[in-house]
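Data first, discussion second: the structure below is written as structure tokens.
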Amino acid sequence: MMVKIQIDGTYYDVKPGKNLLETCLALGIDVPHFCYHGAMGSVGACRLCAVKKFRDPCDQKGRIIMSCMEPVNEGLIVSVNDPDAKMFRAAILESLMINHPHDCPVCDEGGECHLQDMLVMTGHNYRRFDFKKRTHFNQYLGPFISHEMNRCIQCYRCVRFYDDYTGGKDLAVFGSHDHLYFGRGEDGILESEFSGNLVEVCPTGVFTDKTLKEHYTRKWDLSNTPSVCVHCSIGCNTIAGERYGKLRRIMSRYNGAVNGYFLCDRGRFGYQFVNVENRIGEAQIRTSKNSNPVEATPDMIASACAEALSGSKKIAGIGSPRASLEANFALQKLVGKENFFAGVSRTEHTLAKTAIDILQHEAIHSPSLKEIEKADAILILGEDLTNTAPMAALAVRQAARNKGIEVAGNSGIPPWNDYAVRLKAQDVKSPIIMANPFSAKLDEIAEKTYRAAYSDIARVGFAVAALINDGAPGVKGLSKEQLSMAQHIANALKEAKNPMVITGTHGGSEDMVHAAANIAMALFLHGKEGALSIVFPECNSMGLGMMDGKPFEDLAGLPADSTCDTLVILENDLYRRADQSLIDDLLERCKNVIVLDHLITGTTLKSDILLPVGTFAESEGTLVNNEGRAQRFYRVFPAEGTVIESWRQLKELMIFSGNHESASWENFDHVAQAMSDSIPAFAKIKGHMPGADFRILNEKIKRQTMRFSGRTAMNAQFSVSEPKSPVDPDSPLAFSMEGANETPPSSLVTNYWTPGWNSNNAMNFYLDEPNGSMKGGDPGFRLLETAATKHILFFAPVTGAFTPEAGEWEIVPAYQIFGSEELSSQGPAVAERIPEPFIIMNRRDAEEAGVKEHEMIDLTLTRSSLQVKLKIDDNIPAGVAGLSTGLPGMPFLKLPESGRVKNSKK
Amino acid sequence: MFSILRSLWYTFLHAFHKRETILYPEEKPYLPPRYRGRIILSRDPDGEERCVACYLCAAACPVDCISLQATEDKDGRRYPETFRINFSRCIFCGLCEEACPTYAIQLIPDFELSEYNRQNMVYEKEHLLISGTGKYPEYNFYRNAGVDMGVKGKGEGGNEHPPVDIKSIMP
Ligand code: SF4
Ligand code: SF4
Ligand code: SF4
Ligand code: SF4
Ligand code: FES
């Protein structure tokens, strides 16, 4: 149903239920605004979106209204261009500018400043105010965000985002009238995992990207490329900006089905690993097994590779969940299917396979983040989303509001009327149930929390499924508390219209994933959708799991003489995936170890031939996120020196090994095509993404903006004659400011700009409506949809109840948003946020073990021991302890397992 | 016939006019101060670099022959780490000077830029930066901006109130 409205004399058919401002933006009409945001709705705070409304066609006078607070109803007559409305808007801006400093030239927002845009749009270009301005001191807000409070125009977007949208606690507004101050109670690191979005949300330069400041570049000077975040399995869409051959920053790229307008801080600031000293620039060779590899000439490398590959009886390959599908596929081609090993531990491998099988079940739907936001009851089984898939945690926070929005809706308050909805809803929340061994940040929005060891969480999960559907196997011997918890969860899920289960592989528990699947299937039989989201460990874990491969421990387990002569390891630090002794032994046994990677790791130090390959920024490829969505990332800039993409390097190796099948892979499309043809799971990839020969009116899509500067000077120190701009044979994107002027397909948008909108708010004009989908459909496509298995087969519980043993603790992994992910931890900004290794225990247990809070304690596990700091969490059950996992310098640990603790000093 | 003779006469008279041609390079022509010649980077009245590395000149340049990289000193003062002009491309339009919000970049009355080797037409910051204020003796951007980058503290500018005490509840 559409309604007819009239804007400036033109009739439009528009969707009802929206406000006038978003309707205008969807229609492409420029209405100035500050406080309205697509994802956060309206509060009517800034008064900039004024337009004139007329009572009926005879009304000549009209009255000024705020378009963001005006619902669109049949027969609405408004004028955006009315002279009174225009004057009103210019006056509002002039008053906002009274205290605004003379900062643009040194303000990082300049050139993509929403305030600058609005000044031009309203025509207030000269200041008349000649008196003194109020000033503010700034605060230190941590390694990610700079603060310059003078520039604030009191739109409240920051606190609405930080506090209301992400649930942050430490950013607030202080003071009154024109003394308003947006900051923390005192200097200190912003605690929220989403603080980086303040850079994009704040319409002025109050909050800016501190990592960009170190190599500051204006928006118009960046060469921008659509990319995909490689720091967790959610696969948020990003725009990566480059200048002078260095990656300068990551901004969010809109994807209505995945990350929407936002990114988490790991995704936004983790990019620094691309620029670190630790990068491998040149190919290296080591002469003996006891030395480290040293740089060698291309000829030496070529002959060493040829010798290693052609002279081997058996070549094995270890793939990687942080490499693209195409790179893994090229490796599989090089070594053959039977010798291709997924570069993950056995547990992880089994879990990934199980999870993928489950998600392909026809009763089960793997929801997108957008769908998670729409859920009205969520059970989270044993996954600390804030640390393992931060944007999923943000989606859950939005889902928690749905009940409140419904309550407000019953009183006639539309969902976009943000403040009114929150006032009406008060504490009404959709049921979110958090079952996790230790306290997690999402607990604060949870209706109920359940603390237990993974095995108990799984048991309760099975019980829930059995309560929803009799066919599901139940569990015996549940305690009264567990039973009532299961009953409560089952009721909450059954009562909801859109219930959802979220779990993950981080707990290392197959039972838990099975329990989650049982619940989803039971819900399906109960007439619901059967929505189950499973968080995977890394950016391409799902993709790797969809390929044929065995865990690499299988290779290590072979007898020495049949292991392999040559081992090719793709972008993988094996020391993060299994015990050191096992890897040492494996690498020792193989005559030639060829490693392809971009950062120096324990594994690259042990390579006989080390080949430098590009990071995500110097390569192209496809990643499959935890939803099963295949998304392509593109090369941001041509790599330096001998660095090339992994798939190209592997193509060369294939030729060395005498396999000339790869000789025809001239560009990326060819390898993607070959992969689609040979792996059925990826058959859909071919033809789904615009190929390298895609053109708009015979032109490529430009990475650079039309104002890109310095073209004839940036390389002039080397040669005064400008070099030809590099060609990109692998994509329809050009390293140039010349290219099509039309809007490219949604997956190829390099830059958000539309006349009048230089700030990222231009995004709205690329969408079918604010907070909707990209025009032409959201980027990426789901691989899971078609595969389907019949018959619902419930899983049976395997492990029994958890029973604590005296003096022993079950050590469960506590992943950290900053630190547990390999690549982002290498960047200096993220490194500043990495905690010291710690263990979480409850107070009684700690007293029993004779250890005190904040002290270093010795933790002894089956195969290793380490020193960690003790943190107390009274919620963690007796006999269970959470250990920070995967932090730099920590050894590989196969968790959960049992361990003992004692005071370091004794 | 008459007009031909008149033209001849006028031409002959020119032999006694003041000469426009001068004996360059021994003799230098007069160039007005606003002549658009070689580009320099000036300093503020306190002797510090005026350029705040805002990239506006580079963006304004129609031939894109300015390229720079911003950096900051320990006080957070922003300045160009590198600043390069490729004079073999420059068309001396003066748009960079017009775009510059700090009077840092100025075109001066010097056109003697010939080189035997084109590569020598690439000027780096050390070739561009002079020790004086150039045409504008007074202006110091950092005294007028709101930022505290080591030149003046918050609220110390002539057009500024002292910083707000956010804990105060006074109206
Ligand atoms: S916030 Fe915008 S208008 Fe204000 S100083 Fe920065 S760039 Fe200029
Ligand atoms: S700091 Fe930015 S987002 Fe917050 S109120 Fe001020 S201008 Fe708005
Ligand atoms: S949630 Fe994951 S994919 Fe998204 S930005 Fe964060 S780390 Fe990257
Ligand atoms: S416009 Fe002026 S202040 Fe800005 S970079 Fe150029 S010379 Fe420096
Ligand atoms: S956008 Fe409508 S009042 Fe701010």
Side-chain angles (χ1 to χ4, degrees), chain A residues 99-108 110-111 129-138 146 148-151 173-183 185 205 213-221 243-244 246 705 707-722 737, chain B residues 52-61 63-72 76-78 81-82 84-90 100-102 117-124 141-142 144-149 153-171:
Chain A
N99 286 321
H100 199 74
H102 180 61
D103 271 2
C104 296
V106 288
C107 176
D108 290 0
F129 182 80
D130 212 10
F131 306 94
K132 292 191 171 192
K133 298 173 186 185
R134 70 103 169 85
T135 59
H136 279 300
F137 288 119
N138 303 327
S146 302
E148 185 57 57
M149 226 349 255
N150 282 354
R151 297 174 187 151
V173 49
F174 302 93
S176 58
H177 57 93
D178 71 339
H179 286 179
L180 288 189
Y181 190 88
F182 295 81
K213 212 176 265 302
E214 280 158 28
H215 42 216
Y216 183 66
T217 308
R218 293 251 179 246
K219 179 184 183 181
W220 64 69
D221 278 341
R243 175 111 179 143
Y244 302 139
K246 290 269 178 284
T705 66
R707 294 200 193 96
F708 190 83
S709 78
R711 196 172 37 89
T712 65
M714 52 201 296
N715 294 305
Q717 75 271 40
F718 307 118
S719 162
V720 70
S721 328
E722 290 94 49
M737 55 200 286
Chain B
V52 300
C54 70
Y55 294 94
L56 288 179
C57 50
C61 178
V63 292
D64 288 342
C65 73
I66 304 178
S67 153
L68 65 146
Q69 176 56 55
T71 187
E72 278 171 11
R77 182 187 174 117
R78 187 163 282 181
E81 185 178 20
T82 62
R84 183 178 314 119
I85 301 182
N86 179 353
F87 278 110
S88 77
R89 288 287 186 191
C90 178
C100 181
T102 69
N117 181 352
R118 218 179 125 207
Q119 187 65 44
N120 295 341
M121 311 265 302
V122 178
Y123 280 42
E124 298 291 340
F141 171 80
Y142 285 114
N144 295 282
V147 290
D148 171 8
M149 291 187 169
K154 277 286 170 82
E156 287 172 8
N159 59 347
E160 290 178 333
H161 288 298
V164 168
D165 172 9
I166 54 165
K167 306 249 163 74
S168 151
I169 52 163
M170 295 305 283

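Convention: sequence-line order gives letters A, B, ...; per-chain numbering from 1.
Scanning for ring-ring contact (aromatic ring centres under 6.0 Å, His included) contacts around B/Y123 gives B/F87, B/H127, with sequence neighbours left out. For A/H179, the ring-ring contact (aromatic ring centres under 6.0 Å, His included) partners at least two apart in sequence or on another chain are A/H177.
The residue among B/C100, B/A59, B/A70 with the most heavy atom pairs within less than 4.5 Å of chain A is B/A59. In terms of heavy-atom pairs under 4.5 angstrom with chain B, the leader among A/R218, A/M149, A/R707, A/R151 is A/R218. Most heavy-atom pairs under 4.5 Å with chain B: of the set A/R243, A/R134, A/Q717, A/E148, this distinction falls to A/Q717. Between chain A and the options B/V147, B/I66, B/N144, heavy-atom pairs under 4.5 Å are most frequent for B/V147. No other option in B/T102, B/T71, B/L68, B/D148 has as many heavy-atom pairs under 4.5 Å with chain A as B/L68. With chain B as partner, the option from A/Y216, A/F137, A/F131, A/W220 having the largest number of non-hydrogen pairs under 4.5 angstrom is A/Y216. Each of A/H102, A/M714, A/H100 has some count of heavy-atom pairs under 4.5 Å with chain B, and the biggest count is that of A/H102.
The two residues B/A145 and A/D103 come nearest to each other via the heavy atoms CB-OD1, 3.4 Å. Residue A/S709 comes nearest to B/A58 through the heavy atom pair CB-O, 3.2 Å, listed as atom of the first residue, atom of the second, then distance.
Residues B/K167 and A/F174 fail the side-chain proximity criterion, which asks for heavy atoms closer than 4.5 Å. The shortest side-chain heavy-atom distance between A/V106 and B/E72 does not fall under the 4.5 Å cut-off. Using a 4.5 Å heavy-atom threshold, the side chains of B/N86 and A/E722 count as touching.
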Start with the C-alpha gap between A/N99 and B/H161, add the side-chain angles, then the distance that decides, and say whether side chain to side chain contact (heavy atoms under 4.5 Å, CB included) holds. CA-CA 10 Å; A/N99 286 321; B/H161 288 298; 5.7 Å; no
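A donor-acceptor pair is defined here as one N or O able to donate and one able to accept, closer than 3.5 Å; no such pair exists between the side chain of A/K133 and the backbone of B/E160. A distance-only check finds no donor-acceptor pair linking the side chain of A/R711 to the backbone of B/D64 [under 3.5 Å]. The main-chain N or O of A/A716 is found under 3.5 Å from a side-chain atom of B/Q119 such that the two form a donor-acceptor pair.
Using a 4.5 Å cut-off between heavy atoms, B/R78 contacts chain A through its side chain alone, with no backbone atom that close. Looking at B/V122, only its side chain comes within 4.5 Å of chain A, counting heavy atoms on both sides. When heavy atoms are compared at a cutoff of 4.5 Å, B/E81 does not approach chain A at all. Looking at A/D221, the atoms closer than 4.5 Å to chain B (heavy atoms on both sides) all sit in the side chain, from C-beta outward. In this structure, chain A has a heavy atom under 4.5 Å from the side chain of B/M149, while its backbone stays farther away. For A/F718, the part lying near chain B is the backbone, with the side chain staying farther off; criterion is any non-hydrogen pair under 4.5 Å. With a 4.5 Å cut-off on non-hydrogen atoms, A/Y244 touches chain B through its side chain but not through its backbone. With a threshold of 4.5 angstrom between heavy atoms, B/R118 approaches chain A through its backbone and through its side chain.
Partner A/T712 forms a side chain to side chain contact (heavy atoms under 4.5 Å, CB included) with one of B/C61, B/C65, B/S88, B/C90 and no other, that one being B/C65.
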